[in-house]
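Notes for the one structure printed next.
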Protein chains: 4
Amino acid sequence: MAPIVSEEYKEKMKSKILNSALECFAQKGFSTTTINEIGAHSGISKGSIYNYFVSKDDIYLELLNRATENDKIDITKNFSKLRSSYSKISFLFDVFLTLDPFEPKRAGQNVVFYEFTFHCTRSKRLLELITDRGNFLVNLIKETLEKGQEVGEINPNIDTQVYAHKFWLILDGVSLQTIYKDFPYYDVLSEMKEMYLEEIKHK
Amino acid sequence: MAPIVSEEYKEKMKSKILNSALECFAQKGFSTTTINEIGAHSGISKGSIYNYFVSKDDIYLELLNRATENDKIDITKNFSKLRSSYSKISFLFDVFLTLDPFEPKRAGQNVVFYEFTFHCTRSKRLLELITDRGNFLVNLIKETLEKGQEVGEINPNIDTQVYAHKFWLILDGVSLQTIYKDFPYYDVLSEMKEMYLEEIKHK
Amino acid sequence: MAPIVSEEYKEKMKSKILNSALECFAQKGFSTTTINEIGAHSGISKGSIYNYFVSKDDIYLELLNRATENDKIDITKNFSKLRSSYSKISFLFDVFLTLDPFEPKRAGQNVVFYEFTFHCTRSKRLLELITDRGNFLVNLIKETLEKGQEVGEINPNIDTQVYAHKFWLILDGVSLQTIYKDFPYYDVLSEMKEMYLEEIKHK
Amino acid sequence: MAPIVSEEYKEKMKSKILNSALECFAQKGFSTTTINEIGAHSGISKGSIYNYFVSKDDIYLELLNRATENDKIDITKNFSKLRSSYSKISFLFDVFLTLDPFEPKRAGQNVVFYEFTFHCTRSKRLLELITDRGNFLVNLIKETLEKGQEVGEINPNIDTQVYAHKFWLILDGVSLQTIYKDFPYYDVLSEMKEMYLEEIKHK
DNA sequence: GATGAATGAGCATTCATTCAT
DNA sequence: GATGAATGAATGCTCATTCAT
């Protein structure tokens with residue numbers, strides 16, 4: 001039997017729900033947000049939401065999956081435009097430097113993301129999800145650094161695995177500190193960027 | 001007539017409840033943990049728990065207060081034993097270097113702490129609590145760096161506020177990454193320590 | 001899309017709940033009656049009850065509001081049919097004279113009403129509610145007496161405010177005494193009616 | 001074995017508890033008042049209260065028993081001082097006329113009393129208690145009227161039973177109306193007194 | 001497919017009562 | 001006798017999920 005509504009329509013509904021859910025979660029946190037609220041915010045009835053997602057958890061999961069997927073695509077796409085390893089790393093720092101981490105919406109989503117990460121910590125299945133994401137991100141940097149070493153762009157003495165982690169710890173650390181209203185985000189991140197680039201540069 | 005039980009006894013009960021609560025929260029998260037579970041875990045009846053704490057939130061809060069207080073005392077006490085600013089900073093890195101961040105109990109508590117931090121983000125009152133804690137920690141480093149600059153131990157050109165934040169971002173970042181099972185905690189933290197100390201050293 | 005159920009349906013549900021609640025309250029009193037009992041009595045689940053009423057208090061309030069509203073409408077409607085002030089007052093006495101105050105259901109509701117009245121005594125907000133009701137009733141009689149005075153039907157020397165209160169104190173007093181099983185309700189009320197009418201009559 | 005403390009002491013404790021309980025009940029109502037509050041108010045520990053009363057209900061009951069008993073004694077004592085039936089009735093009206101029914105403490109106790117009366121309505125055992133009290137009061141007036149009839153002081157044509165009830169309905173009605181802040185208590189009660197006395201007088 | 005009414009398990013919290021000291 | 005810590009049954013209320021229309 002042919003579907004009654006187009007795939008496109010379904011996708012649009014899902015997105016609408018997910019967007020609303022993200023905003024609600026960002027504002028109030030996952031467990032405090034009710035399906036009713038997501039419904040009210042999206043203008044979609046509670047019953048309909050269950051036509052698209054099997055559970056509240058499912059919404060959360062899909063949200064994170066997509067975020068991760070988007071990140072992956074974004075980064076990969078942008079990396080492919082850049083030639084040198086060095087400029088790729090630099091570019092990634094710049095992405096975060098051009099963000100306003102104190103803007104409420106972004107701050108909210110930041111919190112949701114970390115909360116979810118911690119939540120995953122407690123379930124084997126979810127831990128895999130978040131580990132996959134982590135591995136992808138770490139490997140992205142690691143491989144970039146390795147390619148850079150191969151072409152003599154990157155300091156051959158550095159442990160690429162360690163430096164890949166160092167890269168993300170800086171970004172995580174900096175994101176985390178933004179909960180303090182007077183955290184000098186740009187200054188700190190710029191300095192960390194300079195330092196990092198200096199360390200990986202082939203001397 | 002004298003109180004029926006000693007203050008000591010009461011303190012012991014509170015501690016018992018708090019310890020159980022911490023373990024439960026670490027295992028399941030704050031909102032998922034029920035008072036019944038804390039009761040079962042501690043062997044103390046639900047009703048009794050309410051004789052010692054006003055609410056579930058109150059337990060959480062007291063837990064964090066104590067953790068913060070202990071941290072403050074520990075750090076302050078140890079700092080007072082050390083002469084140079086440089087060695088104080090070095091010492092603090094070492095504290096974290098001698099910890100096993102993958103040990104389940106510690107990992108669980110780590111998660112609880114961060115979750116609570118994010119939770120605080122959503123309430124003005126709680127945000128103050130966590131901001132106070134943050135300010136204390138940042139100022140501790142900032143003041144240490146400033147004293148070091150006065151006596152010519154620390155590079156006079158660094159912005160102490162920025163470097164205080166840098167210090168904690170490193171530790172936050174490193175703690176966060178420990179959710180990945182193959183994160184090379186010691187290697188990364190050691191390198192970050194060296195780098196940090198190198199930067200603040202008077203040349 | 002049209003609402004899933006008609007307003008009528010919703011109203012019917014509300015009434016069903018309210019009727020059950022009234023019977024339960026009458027039987028056991030407000031605070032002793034549980035939401036579960038109202039649910040069991042009405043055959044409506046606890047959760048559903050909360051779809052129609054915000055809280056147990058809300059049920060109580062709505063119950064009283066409706067009772068008051070009905071009283072107001074009933075009295076006003078009947079008053080408009082009657083020409084003379086004298087006959088209006090007489091009619092109101094007769095309404096109570098044709099009631100069986102010992103009939104269990106009525107007796108129960110009577111108790112609920114008085115209990116609620118006393119309960120209101122303890123909250124500023126609720127006191128207003130009950131005061132409004134009281135004022136309406138007193139003013140109704142007062143105005144009726146005044147109109148009667150204008151047309152020379154009612155004794156011009158009586159203080160209408162005082163006599164309005166006297167009217168209701170008789171009815172309250174008589175209602176209250178019905179808790180005694182051998183209280184000669186009709187005899188007493190008839191006599192009081194006669195006396196009252198005699199006093200207000202223009203001589 | 002001889003009692004460890006004197007009966008006097010015990011009685012003093014009971015009274016202390018009862019007084020506190022009455023004030024608490026008057027302020028917050030029976031069910032809302034907790035044993036802890038009575039304890040705090042009286043300065044007697046929860047545990048001790050249970051040495052004197054078997055339950056919270058027991059306190060309530062004893063409170064009402066004593067109130068009734070006191071009323072009985074008071075009225076009987078005062079009646080015995082008065083010769084004529086007429087002056088006895090008049091005296092009783094005056095007792096209420098010299099009271100300030102709006103004084104918070106009295107108003108509160110008034111409410112407690114009525115609440116308890118209604119509460120009794122729901123238990124056979126308690127209903128007896130309150131019926132006994134009612135009967136005593138009604139009979140007191142009835143017998144007074146009858147004696148007055150015998151000596152030609154009181155109108156021989158009135159139904160003493162009905163008039164006894166009429167007496168108390170006036171007082172109940174007037175007490176009830178005091179919940180309205182602008183109820184003209186003295187005016188109304190004076191008029192009712194006059195009217196009542198006029199009716200029972202031998203003409 | 002859409003809707004929102006119905007459901008009931010689940011939770012935090014309260015409080016009369018007991019009882020060891 | 002006095003005390004107040006311990007207990008746990010009981011309650012109002014929430015909310016994810018189901019399902020009849």
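Letters A, B, ... are given to chains in the order of the sequence lines, protein chains preceding strands, and every chain is numbered from 1. Just so you know, these numbers use all the heavy atoms, side chains as well, and skip hydrogens, waters and symmetry mates.
Of all nucleotides listed (dT3(F), dG1(E), dA6(F)), dA6(F) comes nearest to the side chain of Met13(B). Comparing atom distances between the Ser55(D) side chain and each of dA6(E), dT13(E), dT17(E) picks out dT17(E) as nearest. Of the candidates dA5(F), dG1(E), dA6(E), the closest approach to any side-chain atom of Tyr9(B) belongs to dA5(F). Of all nucleotides listed (dA5(F), dT13(E), dA2(F)), dT13(E) comes nearest to the side chain of Tyr50(B). If you check dT7(F), dT3(E), dA6(E) against the side chain of Ser45(B), the one that comes closest is dT7(F).
We find that CD1 of Ile44(B) is positioned 13 Å from P of dG8(F), with the value rounded to whole Å. With rounding to whole Å, Lys10(D) atom NZ is found 10 Å from dG1(F) atom C1'. In this structure, the NZ atom of Lys16(C) is 13 Å from the C1' atom of dA5(E), given to the nearest Å. To the nearest angstrom, P of dG1(F) lies 13 Å from CD of Glu11(D). One atom, OH of Tyr52(A), and another, P of dA16(F), lie 20 Å apart when rounded to the nearest Å. Rounded to whole Å, the distance from CD1 on Ile49(B) to C1' on dC15(E) is 16 Å. Rounded to whole Å, atom C1' of dA5(E) lies 11 Å from atom CD1 of Ile17(C). The distance between atom CD1 of Ile59(A) and atom P of dC15(F), rounded to the nearest whole Å, is 15 Å.
Proximity of a side-chain donor or acceptor of Lys56(D) to a complementary backbone N or O of Thr33(D) within less than 3.5 Å is detected. Looking at Glu128(A), its side chain never comes within 3.5 Å of a backbone N or O of Arg125(A) through a donor-acceptor pair. With hydrogens and angles ignored, the 3.5 Å screen pairs a side-chain donor or acceptor of Arg122(A) with a backbone N or O of Ala26(B). Checking side-chain atoms of Glu62(B) against main-chain N and O of Ile59(B) turns up no donor-acceptor pair under 3.5 Å. Formation of a donor-acceptor pair under 3.5 Å by the Ser48(C) side chain with backbone atoms of Ile44(C) is not found in this model. In terms of modelled atom types and a separation under 3.5 Å, the side chain of Ser42(D) and the main chain of Gly39(D) share a donor-acceptor contact.
Counting any heavy atom pair closer than 4.0 Å across all strands shown, Phe53(A) reaches no nucleic acid atom.
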Give me the distances for all protein-to-nucleotides 9-11 of chain E N/O pairs that come in under 3.5 Å?
| from | atom 1 | to | atom 2 | distance (Å) |
| --- | --- | --- | --- | --- |
| dG10(E) | O6 | Lys46(C) | NZ | 3.1 |

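Rounded to the nearest 0.5 Å, atoms CG (Asn110(D)) and NZ (Lys105(D)) are 14.5 Å apart.
No close placement of the Phe30(B) and Phe116(B) rings is indicated, their centers lying 6.0 Å or farther apart.
Judged by closest nucleotide on DNA chain F, Asn51(D) is the one of Ser48(C) and Asn51(D) placed further toward the 5' end.
Pairing analysis of DNA chain E (Watson-Crick: purine N1 to pyrimidine N3 plus N6-O4 or O6-N4; G-U wobble: N1-O2 and O6-N3; both under 3.5 Å) yields stems of 3 or more pairs at E:2-21 with F:2-21.
Cation-pi contact between Lys14(B) and Phe53(B): present, with separation from the ring centre below 6.0 Å and deviation from the ring axis of at most 45°.
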